[in-house]
Amino acid sequence: MTTTDLAEARERSTPISGADSATGQSVAGLLRPYLGSFAAVVILQVIGAVAGLAPLLAVVELGRTLLSPNPIDHGHVWIVVIAGAVGLFVRLLFTAGSSGVGHLLDGRVELSFRRKLAARLGRVPIGWLAGRRTGELAKVVGEDVSAVHPLIAHVPGEFVSAFVVPLVSLIYLFTIDWRLTLITMIPIALSVALIPLMMTPKRQREQVDLDAAMGQISNAAIEFVQGIAVVKAFGGGERAHREFRTATNDFTDSFLRWVLGLAGIAAGLALVLSPPFVLLVVLIGGTVVITNGSLAPADLLPFLLLGLGLTAPIAALGHGFDDLQAARRAVGRIRDVLAVASLPEPARPVAPQGHRVELRDVRFGYVADREVLRGIDLVLEPGTVTAIVGPSGSGKSTLVQLLPRFFDPSSGSVALGGVDLRELGSRELYRTVSFVFQDVRLLRASVADNIALAVPQADLDDVVRAARLAHIHDRILELPRGYESVIGADVELSGGEAQRISLARALLADAPVLVLDEATAFAEPHTERAVRQALSTLAGDRTILVIAHRLATVADADTVVVLENGAIVEHGRPAELLARNGQFAEFWRSHRSAITDEIEAPVLQGDELR
């Protein structure tokens with residue numbers, strides 16, 4: 001199974017079940033705690049929108065008064081002017097208040113979303129995280145949360161303006177002339193007919209494809225930058241650039257399909273909502289009604305002014321339509337992450353009795369019809385080192401990931417100290433089991449903080465002691481600020497150095513069960529031998545499980561387990577298995593023939609490997 005297949009299998013196998021009550025199952029569910037603030041935004045915007053009509057109505061009334069053949073009532077004129085000015089002030093005051101509350105609400109919602117995502121990602125199975133690309137989750141936590149901004153800060157006010165202003169205007173216009181009011185509504189009717197065309201299944205598929213293509217660009221860029229050193233060292237620059245160019249070309253194709261699909265509709269919508277088109281419709285309709293003697297010429301003025309007021313909010317809402325759609329999709333992706341089932345926690349956690357590990361008839365598959373592990377029976381005794389060997393794809397990494405409960409077995413059980421891991425609380429589990437894998441991730445923090453990650457209360461002496469055992473202390477002293485050097489800022493560590501930092505972290509945690517996925521794979525032979533000796537000294541009554549590729553690691557083990565096609569085919573002491581001349585012996589001979597460093601070439605002496 002390739003890395004890509006594994007990631008896809010993990011993704012398909014992850015249950016997307018109902019989220020807890022805190023996450024909700026819809027946009028409304030996610031935003032329900034903020035309904036009071038939303039109501040405040042809407043009420044303030046309603047008052048501001050209605051007050052905003054006062055200046056227009058004042059102009060209308062002034063026009064009708066000044067165009068009237070009757071003598072001008074100066075007192076009435078001043079009242080109208082003052083009313084318009086007050087309305088303008090109230091509009092500015094309340095719309096500013098609505099915008100301010102909306103943006104404060106947006107900050108609260110984004111903070112809440114990020115906290116919920118962080119909490120959820122901290123509770124999902126680690127195996128689910130391992131099957132996700134860095135760019136994918138970074139987009140959800142970063143870009144998608146930020147994309148919610150229009151939905152929170154702008155859409156409520158724009159929707160209110162889009163409905164309240166036309167509604168109040170139409171009521172007023174109907175009191176003047178119902179026929180010309182219906183004519184004035186023609187641009188609105190045309191825009192309402194065009195908007196659904198922007199939301200057809202085809203348009204939505206094009207937008208989904210565009211989002212996916214943008215995500216591919218992010219992933220390609222992140223992977224290229226993170227692997228630039230390897231790419232340049234092995235002359236793969238052209239291939240890496242080609243992958244990035246492919247992603248950008250796919251995005252360009254998706255973008256063009258999206259633009260071409262919407263261009264005609266967007267142009268039509270902009271036309272029917274434009275001021276010239278609105279004025280043309282009102283003037284033509286007004287001319288017909290006035291020439292028929294049904295309307296006084298002065299009464300055309302409110303239709304000309306308020307007609308523009310009818311379409312302006314809808315036009316503004318149309319300009320934000322793309323942002324609204326993007327926000328809706330972003331909330332959907334946030335909801336999907338929040339809906340990932342958490343690692344089940346027992347209602348009454350049981351404390352393990354010791355740290356003997358037992359796997360009984362364990363079966364597991366990333367997808368239902370494809371088992372990776374088949375009927376694994378294995379006992380790991382305290383004080384022993386068990387090495388797992390086998391060809392690529394045999395299930396070694398999957399097996400060791402069951403101990404820290406990255407996944408739960410499909411059937412069978414994994415027990416620690418006589419207790420099924422599913423009956424242990426996660427805190428107890430991670431106090432008992434430490435793990436070091438080849439793919440080491442270090443935080444952008446000081447070296448000391450990275451080592452003390454699992455034991456934040458540890459003092460510097462404890463950190464230094466663990467670093468010495470992991471044979472990384474001398475290298476740390478060479479850094480610009482020693483243990484205070486910030487990884488990623490003051491220094492970039494090599495793969496072997498990062499592994500030893502991770503190993504020091506596990507040693508400091510002092511967990512009784514230690515899982516190692518060839519934790520010294522990137523170390524040079526002398527350092528690797530020293531680290532193995534340190535582990536041997538520390539073993540004591542620890543239960544150690546290690547994936548081994550180097551013969552020296554296998555030779556140091558008390559027990560060797562040979563996996564093939566997800567099943568145990570051989571199990572025993574290294575010398576015993578070598579004497580059987582079976583699959584382990586074949587593994588030993590094939591690896592020994594490839595070794596050029598004598599440090600890694602143990603030989604059989606009697607019944608022991610030396």
Side-chain angles (χ1 to χ4, degrees), residues 38-64 80-103 150-196 269-283 285-286 299-321 323-324:
F38 275 112
V41 171
V42 170
I43 291 172
L44 290 171
Q45 187 66 34
V46 167
I47 297 173
V50 173
L53 290 173
L56 291 177
L57 295 178
V59 172
V60 169
E61 189 59 29
L62 284 175
R64 297 175 71 185
V80 170
V81 171
I82 292 172
V86 170
L88 179 60
F89 175 77
V90 172
R91 170 182 168 78
L92 292 175
L93 181 65
F94 279 82
T95 53
S98 175
S99 177
V101 173
H103 281 80
L151 180 65
I152 308 298
H154 299 291
V155 168
E158 291 175 354
F159 262 111
V160 168
S161 296
F163 289 101
V164 172
V165 172
L167 179 61
V168 176
S169 300
L170 288 173
I171 292 174
Y172 176 78
L173 293 177
F174 264 110
T175 63
I176 299 174
D177 188 276
W178 65 271
R179 291 161 298 184
L180 190 52
T181 300
L182 294 178
I183 292 173
T184 306
M185 292 176 62
I186 289 176
I188 298 177
L190 291 175
S191 66
V192 170
L194 287 172
I195 287 176
L269 191 61
L271 174 64
V272 300
L273 293 176
S274 64
F277 183 80
V278 174
L279 291 175
L280 180 63
V281 170
V282 174
L283 284 173
D299 288 337
L300 179 61
L301 186 60
F303 291 93
L304 291 173
L305 292 176
L306 294 181
L308 297 176
L310 289 174
T311 58
I314 299 176
L317 188 62
H319 290 313
F321 181 78
D323 289 337
L324 177 60

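Counting from 1, the numbers follow the sequence of the chain as shown. These numbers come from the heavy atoms of this one structure, side chains and all, not from hydrogens, waters or symmetry mates.
Counting only distance, with no hydrogens or angles, the side chain of Ser99 and the backbone of Ala96 share no donor-acceptor pair below 3.5 Å. Judged by distance alone, the side chain of Thr181 and the main-chain N or O of Asp177 form a donor-acceptor pair under 3.5 Å.
Using a 4.5 Å heavy-atom threshold, the side chains of Val60 and Leu56 count as separate. Within the 4.5 Å cutoff, the side chain of Leu283 has heavy atoms near those of the Leu304 side chain. Looking at heavy atoms from C-beta onward, Ile186 lies out of side-chain contact with Val272 at the 4.5 angstrom threshold.
The minimum heavy-atom distance between Ile176 and Pro302, with the atom names listed, is CD1-CG, 3.6 Å. Of all heavy-atom pairs spanning Leu53 and Val168, the tightest one is CD1-CG1, 3.4 Å. The minimum heavy-atom distance between Gly84 and Ala58, with the atom names listed, is CA-CB, 3.8 Å. Considering all non-hydrogen atoms of both residues, Gly102 and Ile152 come closest at O-CG2, 4.0 Å. Between Val80 and Leu62, the closest heavy-atom pair is CG1-CG, 3.8 Å. Between Ala51 and Val90, the closest heavy-atom pair is CB-CG1, 3.6 Å.
One distance of note links CD1 of Ile47 with OG1 of Thr95; it measures 11.5 Å at 0.5 Å rounding. Note: Leu88 CG to Leu93 CG = 11.0 Å, rounded to the nearest 0.5 Å. One finds the CG atom of Leu300 at 6.5 Å from the CG atom of Leu180 (value rounded to the nearest 0.5 Å). The CG atom of Leu182 lies 10.5 Å from the CG atom of Leu173; values are rounded to the nearest 0.5 Å. Atom CG of Leu271 sits about 11.5 Å away from atom OG of Ser191, to the nearest 0.5 Å. The line from CD1 of Ile43 to CZ of Phe38 is 13.5 Å long, rounded to the nearest 0.5 Å.
In Phe89, the CZ atom is not crowded: 12 or fewer heavy atoms of neighbouring residues, nucleotides or ligands sit closer than 6.0 Å.
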